[in-house]
**Student:** 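To start, I am sharing the structure in question, which I have written as structure tokens.
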Amino acid sequence: MVAAIEPPMVVADRVSKSFGSNEVLKSISLEVKRGEVMCLVGPSGSGKSTFLRCINHLEVVSAGRLSVDGELIGYREANNKLYEMHPKEAARQRRDIGMVFQRFNLFPHMTALQNVMEAPIRVKGLSKAGVEANARTLLARVGLAERADYYPAHLSGGQQQRVAIARALAMEPKLMLFDEPTSALDPELVGEVLDVMQGLARDGMTMIVVTHEMGFAREVADSLVFMDGGVVVESGVPTEVLANPQHHRTQAFLSKVL
Amino acid sequence: MTDTAATGGKTEPGIKAIRLHHPWRNTFAVVLLLIVALFVADAAMRPAYDWPAVGKFLFDQRISQAAFITLQLTVYSMIIAIILGVTLAIMRLSPNPVVNSIAWVYLWVFRGTPVYVQLVFWGLIGTIYQSIDIGLPFTEPWVSFPTRVALSAFILAIVGLALNEAAYMAEIVRAGLLSVDSGQEEAATALGMSWFQTMVRVIVPQSMRVIIPPAGNEVISMLKTTSLVTAIPFTLELYTRSRDIAAVTFDTVPMLIVASIWYLFFTSILMVGQYFLEKRFARGIGDRRPDKKANDATAAMTGVTPVIRSGQPTVVLPPTDPNQGER
């Protein structure tokens, strides 16, 4: 944990999101400190994935302010007015925010190594040699050094997800978002992905994790946020929230998943 | 729960069964062969086919030159059509409404009128626009030259074929682009790639697998559509040339056979090319057409003797030993 004098990494101030008349997020306010690991839990349809997607502007918020590292996401503010951001600026903001998807979304026509190398070369314009060395280091870090030249189709789900994590890390993000990273995996493969994430947390990465893995939340997360119906119902230290949930909706949810 | 009595590691000998026979398949094949043989024997004798004339004209220099021009027309117009088609397809999917509308109008016009009519129009362009002027509107042009000199019938034929074909290619490419999982675009976007980079690096390469089979179709179709450029009029390609020769020698049927043989020869070559292109773009996905490497036999089961009793739920579990691969 880093000293509290530094500004938080993520600040959500009364963030709302609607799809048509369907309000998915209702005035979400929360803060994620630097180096903090936050787990977002809740029933499906509670808005936790949408909130995550808002953070890197894959979805546009309808109301409220959302900022990462002190920078407003998706808009530019000047003279008390908000200006829509040019896609190029939005892309620049996303560089610093890594995202890992439930369905991995690796590029199937590229090998594991090429997947990891793609963005640093194309987006940052770095030289191929340096990027390759770094990519191999990252693949070794997620335990896949020998699988560098495999295509995603020839990797197991757990291995694919670890490549996806390495791919996100290759952009040297200051924040990592995980959208149910283990939900599409066979139970026996969940552990290897959680291990990698735990290693990241240990190295001080700021992480927001949407998950159903309460064990991971309890052991790794610094804070746990329970969402339901588009609002934050309860939040706090994971061990406390999990052991002694205050709100009846939290109690009902936890009684089903624990 | 489960009752999988694995009896040691002993493997039973492989099954040796008497093969299932298909008597009707064989009968049908024999009948077909007989019919074909009859037709061939008859065709060989029939004077209208005039095989000696076919042999004489097949490698006639006028014909082989015309065949080469047909091939040129096909290749050049297809190259332009593919480039323009990809551009139009990307334009149609672009978030920019102006760009999007331009592509829509293009498709509306070029797909909505017959290619023959379009070719006649291109042929008349020298009459409609007698000179090509470069300069500011309503002032004296800086450069001016007659359209007929600048655009030969050959160039007009290529332009006419290419612009029409581009409209069809655009739809094929668009279908391919739409076939790529939306998660791919999201992943690329989340990495900070621009829309254009996402298209070129991620979406287009994956869509090639879907695009190539119908695009191959279009190339073959184009080879044959070149026979329509007589509408321009451009008369040096294979079909018109062989008709012209037949008009003088009265060898109508043999000349048709000669032209057909050349068309078949080219389409066969194109089909081989398509096969290799498909293999190239199946990288990373191709389990449907496996490499030889991936073909080695793996025993999915060895000596398993499960006992599943009726009226009892049975669950198949993965190995309980969590010795996870190479980690």
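Residue numbers begin at 1 in each chain, while the letters A, B, ... track the order of the sequences. Computation of the quantities below employed the complete heavy-atom set of this structure, encompassing side-chain atoms and omitting hydrogens, waters and symmetry-equivalent molecules.
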**Student:** Just wondering, are more than 12 heavy atoms of other shown residues or ligands nearer than 6.0 Å to CZ in B:Phe276?
**Tutor:** no
**Student:** Side-chain contact test, heavy atoms from C-beta onward, threshold under 4.5 Å: evaluate it for B:Glu186 versus A:Arg53 and give yes or no.
**Tutor:** yes
**Student:** Going by the side chain to side chain contact (heavy atoms under 4.5 Å, CB included) test, name the single residue among A:Arg94, A:Arg122, A:Met99, A:Arg167 that passes it with B:Leu191.
**Tutor:**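 Between B:Leu191 and the candidates, side chain to side chain contact (heavy atoms under 4.5 Å, CB included) is satisfied uniquely by A:Arg167.
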**Student:** If you count the non-hydrogen atoms of other residues, nucleotides and ligands that lie under 6.0 Å from OH in A:Tyr83, is the total more than 12?
**Tutor:** yes
**Student:** Kindly indicate whether the side chain of A:Met110, heavy atoms from C-beta on, has any atom under 4.5 Å from the side chain of B:Pro205.
**Tutor:** no
**Student:** Given a strict heavy-atom distance threshold of 4.5 Å, which part of B:Gln197 is in contact with chain A: side chain, backbone, both, or neither?
**Tutor:** side chain
**Student:** Give, as side chain, backbone, both or neither, the part of A:Ile97 having an atom under 4.5 angstrom from any heavy atom of chain B.
**Tutor:** backbone
**Student:** Check A:Leu106 against B:Gln184 and note the closest heavy-atom contact, atom names and distance.
**Tutor:**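 Taking every non-hydrogen atom into account, O-NE2, 2.8 Å.
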**Student:** Considering only heavy atoms from C-beta outward, does the side chain of A:Glu118 approach that of B:Met193 to under 4.5 Å?
**Tutor:**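 Side chain of A:Glu118 against side chain of B:Met193, heavy atoms only: contact under 4.5 Å found.
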**Student:** Heavy-atom distance under 4.5 Å to chain B: side chain of A:Phe107, backbone, both or neither?
**Tutor:**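 Its backbone and side chain both get close to chain B.
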**Student:** Looking at B:Ala190, is its backbone amide N or carbonyl O close enough to the side chain of A:Asn56 to form a donor-acceptor pair, meaning the two atoms are under 3.5 Å apart?
**Tutor:** no
**Student:** Within the supplied structure, the quantity of interest is the number of heavy atoms (other residues, nucleotides, ligands) at a distance under 6.0 Å from A:Glu84 CD; does it exceed 12?
**Tutor:**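 No - once you tally the heavy atoms of other residues, nucleotides and ligands closer than 6.0 Å, there are 12 at most.
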